[in-house]
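Notes to accompany the following structure.
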Amino acid sequence: WALALFVKSDYAKAGVPMLPVVAGERTTRTQIGLYTIPMIAAAIAPWALGLTGAIYGVASILLNLVFGALALAVTFRRTGTDDAMKPEKRLFAWSIAYLFLIFGALVADRWLA
C-alpha cells in the first residue's frame, strides 16, 4: 500500500482498484498502521514460541522496530504535505529489504545455531 500511495494516479488512470484509489489516502494510511501490528506479532512469534534461536529473535525485533517506525510515519502523515511522499517511499523500500533480511535471519539462525 505504500507503493500504491505514491503511484495512486497511475493506478487510477489504469482502472486498477487499489485501496488508495477506491477508499482514499487516509483509509490506506490507517490500514498500513493496523496491519503492521499483527505482521510484527507474526514475525516475532517463531522466536517467542521457541521455534527459532537468538539470531532470528534479535534480527526480528530490530527489523520490526524499523518497520514499525516507518509505518507509523506513513500512518500519521498528513495528506498534502509537500515532501514527495518520502515516508511512503522509505516504507516501500524497507519492505523489500525487510523480507530479504527476515528470511535471511531465519536461514542464518538455522545454519549457525
Side-chain angles (χ1 to χ4, degrees):
W1 288 329
L3 171 65
L5 280 170
F6 65 87
V7 294
K8 180 175 88 170
S9 61
D10 294 338
Y11 284 125
K13 288 176 190 173
V16 178
M18 293 296 287
L19 189 59
V21 174
V22 298
E25 284 190 27
R26 183 72 258 150
T27 299
T28 304
R29 292 176 191 288
T30 300
Q31 293 299 314
I32 287 171
L34 291 174
Y35 274 86
T36 297
I37 297 165
M39 184 208 72
I40 289 173
I44 295 173
W47 173 70
L49 294 171
L51 302 172
T52 60
I55 294 171
Y56 178 82
V58 170
S60 178
I61 290 169
L62 294 174
L63 294 170
N64 281 292
L65 282 173
V66 174
F67 197 103
L70 293 171
L72 282 173
V74 170
T75 300
F76 294 109
R77 181 176 177 271
R78 290 191 182 136
T79 305
T81 57
D82 189 30
D83 64 354
M85 301 291 248
K86 286 182 183 177
E88 293 79 2
K89 289 178 181 179
R90 284 187 192 119
L91 179 59
F92 175 66
W94 179 251
S95 70
I96 294 169
Y98 171 87
L99 286 173
F100 174 77
L101 294 169
I102 198 91
F103 286 120
L106 191 60
V107 170
D109 187 78
R110 177 71 174 185
W111 283 355
L112 301 174

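Two residues are said to be in side-chain contact when any heavy atoms from C-beta on lie closer than 4.5 Å; Ile96 and Phe100 fail this criterion. Under the 4.5 Å side-chain criterion, counting only non-hydrogen atoms from C-beta, Ile44 is in contact with Trp47. Proximity of Lys89 to Trp94: side-chain heavy atoms (C-beta onward) are nowhere separated by under 4.5 Å. Looking at heavy atoms from C-beta onward, Arg110 lies out of side-chain contact with Tyr56 at the 4.5 angstrom threshold.
Linking Ile, Leu, Val, Met, Phe, Trp and Tyr residues whenever their side-chain heavy atoms come within less than 4.5 Å leaves Leu72 and Ile37 in two separate clusters.
For the pairing with Ile40, the side chain to side chain contact (heavy atoms under 4.5 Å, CB included) check across Leu65, Asn64, Ile61, Leu63 returns one residue only, Asn64. Partner of Leu91 under the side chain to side chain contact (heavy atoms under 4.5 Å, CB included) criterion, chosen from Leu70, Thr75, Val66, Leu5: Leu70.
Residue Met18 holds its CE atom at 12.5 Å from NZ of Lys8, rounded to the nearest 0.5 Å. The distance from the CG atom of Asp109 to the CG atom of Leu51 is 10.5 Å, given to the nearest 0.5 Å. Between atom CG of residue Leu112 and atom CD1 of residue Ile55 there is a gap of 4.5 Å, rounded to the nearest 0.5 Å. Taking OG of Ser95 as the reference point, atom CZ of Arg90 lies at 14.5 Å (rounded to 0.5 Å). Here the CZ-CZ distance, from Arg29 to Phe76, works out to 11.5 Å after rounding to the nearest 0.5 Å. One distance of note links OG1 of Thr52 with CG of Leu106; it measures 7.0 Å at 0.5 Å rounding.
A ring-centre distance under 6.0 Å is not found for Phe92 and Trp1.
Closest approach of Ala43 and Pro46 over heavy atoms only: O-CD, 3.4 Å. A pairwise comparison of heavy atoms in Val74 and Pro87 identifies CG2-O, 3.4 Å as the closest pair.
Judged by distance alone, the side chain of Thr36 and the main-chain N or O of Gly68 form no donor-acceptor pair under 3.5 Å.
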